[in-house]
*Asks:* 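Can you read through this structure? Questions will come right after.
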2 protein chains.
Amino acid sequence: MAASIRDVAREAGVSVGTVSNVLNRPEIVAAATVARVTQAIEHLGFVRNDAARQLRAGRSSSFGLVVLDTRNPFFMDLAHGAQRRAIDDGYTVLMGGSDDSPQREHSILEMFEEHRVAGVLISPVDTDLTQLWRLRQAGIPVVLVDRGSSDRSFSSVSVDDVEGGRIAARHLLEQGRRRIAFVGGPLGIKQVSDRVNGARSVIAEVAGATLEVRETQALSVLEGRRIAEEILALPADRRPDAVFAANDLLAMGVLQALVMTGSLRVPEDIALIGYDDIDFASAAVVPITSVRQPAVEIGATAVGLLLSEARAGADAVREQIEFTPELVVRASTVGGA
Amino acid sequence: MAASIRDVAREAGVSVGTVSNVLNRPEIVAAATVARVTQAIEHLGFVRNDAARQLRAGRSSSFGLVVLDTRNPFFMDLAHGAQRRAIDDGYTVLMGGSDDSPQREHSILEMFEEHRVAGVLISPVDTDLTQLWRLRQAGIPVVLVDRGSSDRSFSSVSVDDVEGGRIAARHLLEQGRRRIAFVGGPLGIKQVSDRVNGARSVIAEVAGATLEVRETQALSVLEGRRIAEEILALPADRRPDAVFAANDLLAMGVLQALVMTGSLRVPEDIALIGYDDIDFASAAVVPITSVRQPAVEIGATAVGLLLSEARAGADAVREQIEFTPELVVRASTVGGA
DNA sequence: AGTCGTTATTGAAGCGTTTCAAACCGGTGA
DNA sequence: TCACCGGTTTGAAACGCTTCAATAACGACT
């Protein structure tokens, strides 16, 4: 049905090799021939077959990106940064969402491998990185995003989540809060546990301050609401005076539930701090204080590492880049008592 | 580098044909052989080469989805619905964002065509649909999403945007508003112009009611803020008493700017209604009234149409499915005067 | 013993590219 | 006149897979 390079060759009265050259290195073909071939292409509506091209080339010209949640604006921003950077170098980005499921993560990676992607960017759910080792073994460079590589075995672009946790907790403590609840999960996700640990370390140093961890199934608005309802059901003397949410989606969920019932005020009764600083955090009912991560830069930088690792081949240098998170103070933590 | 089906065949002592059969129709292969081959696959870490498979098959097993804006939660929800539906049938979804640029839309479509996708879902920026005709000509089914096909030449899944515009305007009028500003653009986008027209038709019927259109460059939060600043700069007697934003992103931008300066209250001084009812609309400073579109269903339904059109071949029946939008009233329009 | 059926496996063709050594062509310099 | 040269073009091989007609193996039946 679709015209092939062969049809074009026949139409233009040249060999297939020449057509291919016109397509890929027109400068080595005589101008008149280029014109004739171009016209034939036009006429037949010929479009390159990417599958054949890739088969021949041995690898695709796209990168795979695996994120925890495709509906989280943070990851969309990250993806956007990655895409922009990739396009500049003639690559495209395939994206898949693992939805916090190691199994789904696994099958996305498998798909990418079948596709022979030129590289993989991943924010892993699964703590077991053997599949990633396998990928590298197979010649596919892997870069961790939004998550460091503790043993430096992978290149990575991350934000210091432990420090982020400290920043958040310190801020809450400075506002006079002492009964702090951490909302987030699954705790198996490294970013989440790092943030708790950071918070814990700071809180431990303050006499009388406590940290209570409430684990969620996912980092979603819905889960945030659920936890907030649990908190609301608590007797006043066991209730936290501050909530540190593992990301802004959760924070927004918590906020919605608190505001809806109206029995507790933010920040007067409960202070609230989120993480990621997604655009919507600033536009919330009560604008949410958050720990900002430079999502777009992370994505772009990660693609940069991938490109250089892809070019360098097996003996590439692994590089760990770590951004520092930044506190963005808004109404959800200041003003109350 | 990577093992091929040939290597597996050698390792297992069978022919390549048999390996292929084990992969695709294991039931016709003797159990013992299956075991032997499976073991060889395991041992060599063999992974199918998708490019070769597709080349042979003639078409890929993915659909292409082109949306206006990958960072708009509405489209993310739509994509999510599409993806879920596609996976059930063994397809994957490739997504690209046109960012309101016909040129970018064009190049994404070209990429999809090179990839020989099994079908295209698109929310077109470009009013000129000839490229889509070309695609169909080439045997690639096309379904329009979030946008009807006026001449019924394409299958489509949409929401009645004219009616949506009417609903929004009617609601504002019922709240006693008369000087209404429409914020949105580019007006070349059909969804946007339909919404204005719907609003206009209703407003025209009410004596003393006026509609002022303020066109934006994009449907983004930033543009919303920009327009809100324009509005704030207006003398009080020329200022609108209600804003109808073409989507929630714009609405949130408008809201942010209004709230930040604090000189105008929502809804007392200016009522605000958005469109799409993204999750974040309900969590805004002032929860935003919006016209809801069932994003997830739209995506899923569209993939359904694509699947049936792909199966039916050239003589497929085109089907236009239209959802009805739904008003979701929140604080941004009620309570003031 | 020969024939037919069934079941399992084989081997080669072909999908549309790219690449590369070889061939071609019209001068140029010896 | 001939060898050689640079600039063009050619033709075939190879990439890894699926498919399908042909073959093989082996009982069962006549």
Side-chain angles (χ1 to χ4, degrees), chain A residues 1-38 40-41 44-61 90 110-111 113-118 138-140, chain B residues 1-38 40-41 44-61 90 110-111 113-118 138-140:
Chain A
M1 162 130 286
S4 81
I5 219 178
R6 222 192 197 78
D7 303 318
V8 175
R10 186 165 347 104
E11 170 99 1
V14 298
S15 74
V16 296
T18 300
V19 176
S20 176
N21 282 333
V22 169
L23 256 25
N24 302 301
R25 302 123 79 198
E27 67 279 6
I28 72 160
V29 180
T33 314
V34 172
R36 208 141 35 92
V37 171
T38 313
I41 288 177
L44 274 67
F46 164 81
V47 177
R48 259 211 204 73
N49 183 322
D50 193 48
R53 184 200 200 19
Q54 283 184 195
L55 170 56
R56 183 58 231 242
R59 51 173 47 274
S60 123
S61 65
E110 200 152 89
M111 216 199 72
E113 191 175 358
E114 289 190 2
H115 201 74
R116 300 289 190 272
V117 292
I140 302 181
Chain B
M1 163 129 286
S4 82
I5 218 180
R6 221 192 197 79
D7 303 317
V8 175
R10 186 165 344 105
E11 170 100 1
V14 297
S15 74
V16 297
T18 299
V19 175
S20 176
N21 282 332
V22 169
L23 255 26
N24 302 302
R25 301 122 81 199
E27 67 280 5
I28 73 160
V29 180
T33 313
V34 173
R36 210 142 34 90
V37 171
T38 315
I41 288 177
L44 274 73
F46 164 80
V47 177
R48 255 212 206 74
N49 183 323
D50 193 47
R53 186 208 209 0
Q54 283 185 194
L55 172 56
R56 183 59 233 243
R59 50 175 43 275
S60 123
S61 64
E110 198 151 273
M111 216 197 72
E113 192 175 357
E114 289 189 3
H115 200 74
R116 299 290 190 273
V117 293
I140 302 182

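Throughout, protein chains are lettered first and strands after them, A, B, ... in sequence-line order, and every chain is numbered starting at 1. Quick caveat: nothing in here was measured; it's all calculated off a predicted structure.
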*Asks:* Given atom CZ of A:Arg48 and atom C1' of C:dT18, what is their separation to the nearest angstrom?
*Replies:* 10 Å

*Asks:* Where do A:Ala51 and B:Leu55 come nearest, in terms of heavy atoms and distance?
*Replies:* CB-N, 3.8 Å

*Asks:* Taking CG from A:Asn24 and P from C:dT19, how many angstroms apart are they, rounded to a whole number?
*Replies:* 7 Å

*Asks:* Whole angstrom is fine here: how far is it from CZ in B:Arg6 over to C1' in D:dC17?
*Replies:* 10 Å

*Asks:* Specify the residue among B:Val16 and B:Leu55 whose closest nucleotide of DNA chain C lies further upstream toward the 5′ end.
*Replies:* B:Val16

*Asks:* Of all the choices, C:dT9, D:dT10, D:dT19, which nucleotide is nearest to the side chain of A:Ser15 once you look at every atom?
*Replies:* D:dT10

*Asks:* Angle, rounded to 10°, between the helical axes spanning five pairs at each terminus of the helix from C:dA1-D:dT30 to C:dA30-D:dT1?
*Replies:* 70°

*Asks:* How many whole angstroms separate atom CG of A:Asn21 from atom C1' of C:dA21?
*Replies:* 13 Å

*Asks:* If we check side chain to side chain contact (heavy atoms under 4.5 Å, CB included) with B:Val29, which of these qualifies: B:Val37, B:Val22, B:Val19, B:Asn24?
*Replies:* B:Val22

*Asks:* Would you say that A:Glu11 contacts A:Asp7 through its side chain, given a criterion of any heavy-atom pair below 4.5 Å between the two side chains?
*Replies:* no

*Asks:* With nearest nucleotide decided by heavy atoms, which residue, A:Gly17 or A:Glu27, maps closer to the 5′ end of DNA chain D?
*Replies:* A:Glu27

*Asks:* With DNA chain D as reference, determine whether A:Ala52 or B:Val19 sits nearer its 5' end, using the nearest nucleotide of each.
*Replies:* A:Ala52

*Asks:* How many whole angstroms separate atom CD1 of A:Ile5 from atom C1' of C:dC15?
*Replies:* 13 Å

*Asks:* Determine whether a donor-acceptor pair (one donor, one acceptor, N or O, separation below 3.5 Å) exists between the side chain of B:Arg56 and the base of D:dT18.
*Replies:* yes

*Asks:* Would you check if A:Arg53 and A:Leu23 make a side-chain contact, meaning some heavy-atom pair closer than 4.5 Å?
*Replies:* no

*Asks:* Between A:Arg48 (side chain) and B:Glu114 (backbone), is there a donor-acceptor pair under 3.5 Å?
*Replies:* no

*Asks:* Taking atom P of D:dT18 as reference, at what distance in whole Å does atom CZ of B:Arg25 sit?
*Replies:* 10 Å

*Asks:* Should B:Ser20 and B:Ile5 count as side-chain neighbours, where that means a heavy-atom distance under 4.5 Å?
*Replies:* yes

*Asks:* Calculate the interatomic distance between A:Asn49 atom CG and C:dT18 atom C1'; express it in whole Å.
*Replies:* 13 Å

*Asks:* Judged by each residue's nearest nucleotide on DNA chain C, which is more toward the 5′ side, B:Arg116 or B:Ile28?
*Replies:* B:Ile28

*Asks:* From C-beta outward on B:Ser4, which listed nucleotide comes closest to its side chain: D:dT18, D:dG16, C:dT18?
*Replies:* D:dG16

*Asks:* What is the distance from CZ of B:Arg53 to P of C:dG16, rounded to the nearest Å?
*Replies:* 18 Å

*Asks:* Answer whether the closest heavy-atom distance between the side chains of B:Arg116 and A:Val47 falls below 4.5 Å.
*Replies:* yes

